[in-house]
2 protein chains.
Amino acid sequence: MPDITRTGTAKTETTTFREVMAEIVQRITEGPWGPGTLLPGEVELAEAFGCSRTTMNRALREVSELGFLDRKRKAGTRVRMAPIRQARFEMPVVRAEIEKTGAVYGYQLVSSAVVVAPEWLRLRMGLKARAHVVHLLCLHFADGVAFQLEDRWINAGALPQALQQDFTESGPNEWLVATVPFSEVEISFLAQAADAGMVAHLDHALGDPVFCVERATWWQNAAVTLVTLAHRRGYRMTTRY
Amino acid sequence: MPDITRTGTAKTETTTFREVMAEIVQRITEGPWGPGTLLPGEVELAEAFGCSRTTMNRALREVSELGFLDRKRKAGTRVRMAPIRQARFEMPVVRAEIEKTGAVYGYQLVSSAVVVAPEWLRLRMGLKARAHVVHLLCLHFADGVAFQLEDRWINAGALPQALQQDFTESGPNEWLVATVPFSEVEISFLAQAADAGMVAHLDHALGDPVFCVERATWWQNAAVTLVTLAHRRGYRMTTRY
DNA sequence: CGACTCCTTATGTGTAGACATAATAAACAT
DNA sequence: ATGTTTATTATGTCTACACATAAGGAGTCG
């Protein structure tokens, strides 16, 4: 039966790769494809699902990116024994994070100074001896309550404009992402004991555990900035999936 | 040799979507496509790059998933003003995390008990009044040194097998991922003050800041387990990109 | 002016077909 | 037995083409 234009009628009866994905995920999580199962080949599956191999390939690839499948040439597609658990945090600018909760964002510059980089900073960022840095302390408020204390160092060698820039009205982060948008970044999450600065500006007692995010960024192998974001009491960073 | 198979000579001269991606990313980060730029349409780009639109589409889609591009039908493809910063952590089983560093993994069950769920746990996980839970304390070692203290609660109502299971030889996590592999998960990162248990088993003084990961999991809307993973002094969770 | 319709356009996705490549398995030689 | 080559096979990717869909913009009408 030589095929005639499949284009004839309207409504897609084609199986979309999203439908295929959903079905595959369901078969893995609830259905017959338990951990360790070796799936049939793409060609066979495509036939069974009534779609082209291209579509099946895309579906399998994306399910695999979700962490459920392990694919290898020749070896085939296998359901992982345990799915890869991945926590993915989008790190918006503080302003966006606060405004998303419906709160009013507030900003205040606490202190600003140009200093010679201290030893630990030089080692951490790979700065030259006697390199000058801009050191800023800033506060971010949610509905008038201190939400985050930003302790930032900017390498004046790499970004001399930072020396002239005025940070009293808006934070250095917004200026930096506009100035050096595509930098290499290293992010760390850690717990720190509250120091004097955090006690003074956040709702902490000296030595309290503080959840901190540290972000170091480089641009073309030159250190740009190092920032530690200290959060208010009880802050937790959460993701669900 | 009659056959002219193009495989004979040079490497494929087809432009692969990875090459295209690399070029696009470079044009964004270093080249002429600064933040806000509206890119030419897929057809035009494909022609310029000497590839098919399919390939260009894939390249653009993946670059967009990296957070550099914003794509909308009809509106076109635009370079984001600031790339979406995303921290992505793969959360392997502790054993794998430790062995990846080359250290020898060690495990020890500290305590095990079946108790009625305390109030806060009932609220946190949505358990019924007087629900029974298994409460475990376990230690994970790297080269003999305590690395992580696992404080785990398992809902015996949803997983009665947990009552019989023996956790003296291997941790509850490995048993759980094998038993309930595909659960819904909520992960939080937070800073906590060291309590008596952490002081006893990790290298902490009372009240020290401890970096903790809390993971709650459900399966088909029933609470399965809640675990708090307390880390050793100075631990930080890092990602780079 | 404002709200509505319709057209256009760029991306989104599906299909068939072909070749590329990695990795296993089988055949072979040492 | 062991190491090496060769064949096989499942996934990976490219191509050309077609239709689907969202959304901007022009034109229309009250």
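Proteins get letters first, then strands, A, B, ... in listed order; numbering begins at 1 in each.
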Ring pair (Phe, Tyr, Trp, His ring centres under 6.0 Å), that's the test. Do Phe141(B) and Phe147(B) meet it? Break it down for me.
CA-CA 5 Å; Phe141(B) 299 88; Phe147(B) 175 83; over 10 Å; no
So does Arg18(A) pair up with Glu62(A), basic N to acidic O under 4.0 Å?
no
Which part of the nucleic acid, if any, lies within reach of Arg78(B) when heavy atoms closer than 4.0 Å are counted: base, sugar-phosphate only, or nothing?
nothing
Rounded interatomic separation in angstrom, taking CZ from Arg71(A) and C1' from dG12(D):
9 Å
Any Thr55(B) side-chain nitrogen or oxygen under 4.0 Å from OP1 or OP2 of dT15(D)
yes
Could Glu97(B) and Arg95(B) be called an ion pair, given the rule that one side-chain N must be under 4.0 Å from one carboxylate O?
no
Of the listed nucleotides dG14(C), dA16(D), dA20(D), the one nearest the side chain of Phe17(A)
dG14(C)
If I take atom CG in residue Leu38(A) and atom P in nucleotide dT9(D), what distance separates them, rounded to the nearest angstrom?
15 Å
OP1 or OP2 of dG12(D) versus the side-chain N and O atoms of Arg61(A): is any pair under 4.0 Å?
no
Can a donor-acceptor pair be found, under 3.5 Å and without considering hydrogens, that links the side chain of Asn155(A) to the backbone of Ala223(A)?
yes
For the side chain of Thr16(A), starting at C-beta, report the closest nucleotide among dT13(C), dT11(C), dT15(D).
dT13(C)
Tell me the interatomic distance from Glu19(B), atom CD, to dA20(C), atom P, rounded to whole angstroms.
15 Å
Per nearest nucleotide of DNA chain C, the residue lying toward the 5' end, Gly41(B) or Ser52(A), is Gly41(B)
Salt bridge or not between Glu214(B) and Arg124(B)? Use side-chain N to carboxylate O under 4.0 Å.
yes
Expressed as a whole number of angstroms, how long is the span from Leu60(A):CG to dG14(C):P?
13 Å
Measuring from the side chain of Lys74(B) (C-beta onward, heavy atoms only), which nucleotide among dA23(D), dT15(D), dT15(C) has the closest atom?
dA23(D)
Does Thr54(B) put a side-chain nitrogen or oxygen below 4.0 Å from OP1 or OP2 of dC17(D)?
no
Report the nucleotide, chosen from dT11(D), dT11(C), dG24(D), that has the shortest atom-to-atom distance to any side-chain atom of Arg53(A).
dT11(D)
OP1, OP2 of dT11(C) versus side-chain N and O of Thr77(B): anything below 4.0 Å?
yes
Specify the separation, in whole Å, of atom CG of Asp70(A) and atom P of dA10(D).
17 Å
Both Arg73(B) and Ala75(A) contact DNA chain D. Which one's nearest nucleotide lies toward the 5' end?
Ala75(A)
How close or far is atom P of dT11(D) from atom CZ of Arg58(A), stated in whole angstroms?
18 Å
Asn57(A) vs Gly76(A), nearer the 5' end of DNA chain D by closest nucleotide
Gly76(A)
Met56(B) CE to dC17(D) C1', in whole Å, measures 18 Å
In whole angstrom, give the distance that lies between atom CZ of Phe49(A) and atom C1' of dT15(C).
18 Å
Side-chain contact check for Glu42(B): nearest option of dC14(D), dG14(C), dG12(C) is dG12(C)
Between Asp70(B) and Arg78(B), does any side-chain N to carboxylate O distance fall below 4.0 Å?
no
